[in-house]
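Naming: A, B, ... by sequence-line order, numbering from 1 per chain. Just so it is clear, the model here is predicted, and its values are computed rather than measured.
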Amino acid sequence: MAATLKLEIVTPDAKAFSDDVEMVNLTGIDGEMGIYPQHMPVMTQLVAGEVVARKDGASIILAVGDGFVQITGERVAILTDMAVKADDIDEAAAEQALQKAQARLAQKLSDEEAATVQAAIVHASTQIKVKRLTKK
Amino acid sequence: MPSTRDIRRRIKSVKNTAQITKAMQMVAAAKMRKAQQAAVVGRPYAQLLNEIMAEAATRTVGFDHPLLTARPVAKRAVIVVGTDRGLCGGLNSNLFREAAKLDKETTIYITAGRKAAQFIARTKRNLAAEFTYKDTPQFAEARAISKFVQDLFLKGEVDAVDILYPKFVNTLVQQPSLTPFLPIGKLAVTTGTNAPAQELPTASTTDVFDFEPDEETVLGELLPHSLNFKMHQILLETKASEQSARMVAMKNATDNAKQIIKDLTLEYNKLRQANITKELLEITTAQMAVG
């Protein structure tokens, strides 16, 4: 039995994370999922939030955006538009981005701009949320 | 016969031109590196997206989605992806030559980039919409284009959508290329433009995937997303093509200017010497006359 899962998190800008881990916790569209090796193959949508990977007893926490997850017995592949490690989150910067995005939302925007701003809000608020969770 | 001063003036003007083209070459070279880099970093994503789509395909036999269904093509749309600015060699004209080959009656055009829009308008073709994109193409810009054509397709206004764009082969070669965009057709065929053809992990084909909540919802999100991403990759690639073409064109222009300066300098020196000789002759003749 494979004792580890290969967790891959890929964004359009980079391969954000790629390592063997023992367990992955993530938020799917139907709720939170805990994935261990030999999980049944599943494909689902990922909801913006935190992804927690457990490796050697330590937790690695990442903030991710919306996307897709593909799970096989030995691999978890996450396709998303944002992925930041909790340690790398700059809370002040995220806070600022959030405020800026919300200010823009108050203005009149085209559909496309609104979608971009909405995505920025989701990214920023997720980062802030995850950062606060990890602080405790 | 031009005077030495005329030639001097021409040399100066050519020198100025050479300076400008040289500067543009440098700028294009720097931007080219960035654009190529941007086109490359999307590859792991494209690859994974392909894997997921391909694996989804093995599981979804008999599953149908409006974006997948091919129809008899009565009217089709072509997205012409050009550049905003000129001075990039034959890049746009090659592209437009291909665009002109398409049937005027049954094709409607959607353009990205100002030059493409100008061409379609000038040749009085059916322009459905024009989009712009920045020097570093944003995902939102690609999504706007992609969403627009998906709407056209789903409403039945067009039966197929192709993209015409300058494919980046290498720095010296950009090939105008027409790739199908919609319908997606068989799932497994869908590839991002930059995805290297790598074999998929063999183990996964035997796995049977569960979809949560169900395949319709997941694919309903995944398909438009993959189209948006493909569009984005194409914009990135076009930028890389544009900057490389411009760099090469400007390098040629600089080289030409240098050659002209060399020729003109030679002519100038010849003329100058001829003048000196003439003056000397005049002096000696005058002296002989006096003496």
Where do Met43(A) and Leu222(B) come nearest, in terms of heavy atoms and distance?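 Where Met43(A) meets Leu222(B) most closely, the heavy atoms are CE-CD2, 4.0 Å.
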Minimum heavy-atom distance between Ala77(A) and Leu48(B), given as atom pair plus value: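 For Ala77(A) versus Leu48(B), the nearest heavy atoms are CB-CD1, 3.7 Å.
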Side chains of Val10(A) and Gln47(B): does their closest heavy-atom pair fall under 4.5 Å?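 No, too far: nothing below the 4.5 Å cut-off.
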Using 0.5 Å steps for rounding, measure from the OG1 atom of Thr44(A) to the CD atom of Glu221(B).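 So the gap between those two atoms works out to 11.0 Å.
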Point-to-point distance, once rounded to the nearest 0.5 Å, from CG of Leu79(A) to OH of Tyr45(B):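 One finds 4.0 Å between CG of Leu79(A) and OH of Tyr45(B).
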Using heavy-atom distances under 4.5 Å, tell me whether Ser18(A) contacts chain B through its side chain, its backbone, both, or neither.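 No part of it gets close to chain B.
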So which part of Ile9(A) gets closer than 4.5 Å to some heavy atom of chain B, the side chain, the backbone, both or neither?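 For Ile9(A), there is no contact with chain B at all, as no heavy atom is under 4.5 Å.
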Structural part of His225(B) lying under 4.5 Å from a heavy atom of chain A: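 Contact with chain A: side chain only.
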I'd like to know whether CD of Glu157(B) has more than 12 heavy-atom contacts from other residues, nucleotides or ligands below 6.0 angstrom.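 Counting other residues, nucleotides and ligands, CD of Glu157(B) exceeds 12 neighbours.
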